[in-house]
2 protein chains.
Amino acid sequence: MEPSVGSERSKRAGTRSRATAPLYQLITQRLTEEIRTGVLPVGGLLPPEVELCKRFDASRYTVREALRTITERGLLVRRPGAGSVVIASETPTAFTQSVRTVEELMNYPADTFRKNVSTRLVVADKALALLLNCAVGMRWFRISAIRRTHTSPEPLGWTDIYLLPRYSKVVDAVDHAQTHVYRQVERMYGEPTVRARFEIFASRIPSRLARALNVAGGTPALTFVRRYYGASGENFENSVTVHPERRFTYSMEVQREPLRN
Amino acid sequence: MEPSVGSERSKRAGTRSRATAPLYQLITQRLTEEIRTGVLPVGGLLPPEVELCKRFDASRYTVREALRTITERGLLVRRPGAGSVVIASETPTAFTQSVRTVEELMNYPADTFRKNVSTRLVVADKALALLLNCAVGMRWFRISAIRRTHTSPEPLGWTDIYLLPRYSKVVDAVDHAQTHVYRQVERMYGEPTVRARFEIFASRIPSRLARALNVAGGTPALTFVRRYYGASGENFENSVTVHPERRFTYSMEVQREPLRN
DNA sequence: TAGTGGTCTAGACCACTGC
DNA sequence: CAGTGGTCTAGACCACTAG
């Protein structure tokens, strides 16, 4: 269906003065445009590499370079023997947030630290099992702590950390109070956190914490549950934090960008 | 410093039976390992491509394929004329969350909908200016609505949406109640949301909303502030939602993965 | 079995960097 | 200026897919 047998590249032929874009980028543009406008429909097959070589009067390397770019942008899936299938007409986008550490995600001020109040082995009763999503009777090493800043006298909140007992040695680390426990587990036991889950809901200050947090029991609070999962998918740490009103605002920012996977 | 003049590739020589990994992957492994262990130190230069060709007895294409992979993993920066600089000893990782729509991020149940209660033009007083981070006297189009589910009689929460007046026509859209306003602005005015910011904090049910939400005034609540920014960075929409306790839990999940940028 | 994409070679010219 | 990485060609063999 090409107008003639000739390639689409006559003008460029001799011009090797790199005022022009590289040929593979030109091919990328052309094909991307044809995918976007439906000339190459989603679900359909792209012409094979050899065909594209003829059409653009380019070597296979150059054509493949273009196809690589288009594939990376999420418009193509390529399989040996089966061809190149168009899977999208334009690069899908998403809102993403990316942080180096979970601390950043939680946006605690940098001068925040935990002060441990007690550590002990606990057995999950019905209520705890429900909260931690575990079996009744499961044993956890519990670290109870108050979170404070250096600048304000009022505590930010109260945290109960529930850790698999085999990782309980983290409390002996010198920087235990400043570092997040999941990071210590990573460093001391080589168990990396691969996935984490957070839940936030409105709650009331439990009366047993009222004095420690210097607020009246029953007043509004923010409860923060965090669940950490290791490489095998095991849930090795959970924490439950209660923040009195006006002491803590959780904030996050997301960007729109191309979706990758 | 190579032990002899020979390449590192004698065993593979004849074996073209693809039970072995491709050569470029082998080179990738070797170099990655040397970067990780400091044989090729961070900040230092990689040997030029021609050198690596000799060392691995490979063509330039094959070596470049390996270097491309290593570069994509964030360990190298390559510049024409200047060489390949090692910039990290291992792939940096981050926790990321990626969602297609802000709805997903907010994890509202799918059967949720808004019911508008009132719409009018408002002028920011001091309190509103503080909340929306805008100038006193700025004019906003305010949409007040109740958010409900089809399954429960209790409302999920109350939302006040503050929109730039020029976008107020979104209320006329047929699917206005089911679609998020920022999506409507995108579709009707071609203003894409490029960035969004969220803040969550503990609060109390304002007495003016107590009846509408069917709870007592002053009881614990979750307040959710969302700010949307367009392509030019302009803050074109804000919303403030109040959820009574036990009616709404915000949850999110993050994955650890290689950092890209 | 014919055709696809994946890997690989041995050349080449270029623009650009840093000396 | 010599040397670097970026682009490009014209070949080749392979494993795999689909008919």
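Chain A is the first sequence line, chain B the second, and so forth, proteins listed ahead of strands; every chain is numbered from 1.
Rounded to a whole Å, the CZ atom of B:Arg68 is 13 Å from the C1' atom of C:dG6. With rounding to whole Å, B:Glu65 atom CD is found 10 Å from C:dG6 atom C1'. Distance CD (B:Glu51) to C1' (D:dA2): 14 Å, rounded to an integer number of Å. Between the C1' atom of D:dG5 and the OH atom of A:Tyr61 lies a distance of 11 Å, rounded to the nearest Å. Protein atom CG of B:Leu67 is 12 Å distant from nucleotide atom C1' of D:dT4, rounded to whole Å. Rounded to whole Å, the distance from CZ on A:Arg64 to P on D:dT9 is 14 Å. The distance between atom NZ of A:Lys54 and atom P of D:dA10, rounded to the nearest whole Å, is 14 Å. Computed from coordinates, the B:Phe56 CZ to C:dT7 C1' distance equals 17 Å when rounded to whole Å.
A donor-acceptor pair shorter than 3.5 Å cannot be found between the side chains of A:Tyr162 and A:Glu237. At a cut-off of 3.5 Å, with distance as the only test, a side-chain donor of A:Arg78 or A:Ser84 sits close to an acceptor on the other residue. Side chain to side chain, B:Glu199 and A:Tyr250 fail the donor-acceptor criterion of an N or O pair below 3.5 Å.
In terms of the ring pair (Phe, Tyr, Trp, His ring centres under 6.0 Å) criterion, B:Tyr61 has no residue partners (sequence neighbours excluded). Residues passing the side chain to side chain contact (heavy atoms under 4.5 Å, CB included) test with A:Arg68, sequence neighbours excluded: A:Glu65, A:Glu72, B:Glu65, B:Arg68. For B:Arg114, the side chain to side chain contact (heavy atoms under 4.5 Å, CB included) partners are B:Asn116, B:Ala145, B:Arg147, B:Ile161, B:His176, B:Val181, not counting sequence neighbours.
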Using a cutoff of under 3.5 Å, can you pull out all pairs of nitrogen or oxygen atoms linking the protein to nucleotides 16-19 of chain D, with atom names and distances?
from   : atom 1 : to      : atom 2 : distance (Å)
D:dA18 : OP1    : A:Arg79 : NH2    : 3.1

N/O contacts under 3.5 Å, protein versus nucleotides 11-13 of chain D?
from   : atom 1 : to      : atom 2 : distance (Å)
D:dA12 : N6     : A:Arg60 : NH1    : 2.8

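Note on B:Thr62: a side-chain N or O is less than 4.0 Å away from OP1 or OP2 of C:dT9. In terms of phosphate contacts, B:Ser84 brings a side-chain nitrogen or oxygen within less than 4.0 Å of OP1 or OP2 of D:dG5.
For the atom pair B:Gln255 CD and A:Thr193 OG1, the distance stands at 12.0 Å (nearest 0.5 Å). In this structure, CG in B:Leu31 is found 6.5 Å from CG in B:Leu67, a value given to the nearest 0.5 Å.
Taking 4.0 Å as the cut-off between side-chain N and carboxylate O, A:Glu33 and A:Arg36 count as a salt-bridged pair. The pair B:Arg256-A:Glu186 meets the salt-bridge criterion, since a charged nitrogen lies less than 4.0 angstrom from a carboxylate oxygen.
In the set C:dC8, C:dG5, D:dT7, the nucleotide with an atom closest to the side chain of B:Leu23 is C:dC8. Side-chain proximity of A:Glu49 to the nucleotides D:dT7, D:dG5, C:dG6 is greatest for C:dG6.
In secondary-structure terms, DNA chain D builds stems of at least 3 consecutive Watson-Crick or G-U pairs, each pair having both distances under 3.5 Å, at C:1-18 with D:1-18.
A salt bridge (charged side-chain N to carboxylate O under 4.0 Å, His left out) with A:Glu49 holds for exactly one of A:Arg64, A:Lys54, A:Arg55; it is A:Arg64.
Residue-environment remark: CZ (B:Arg166) exceeds the threshold of 12 foreign heavy atoms within 6.0 Å.
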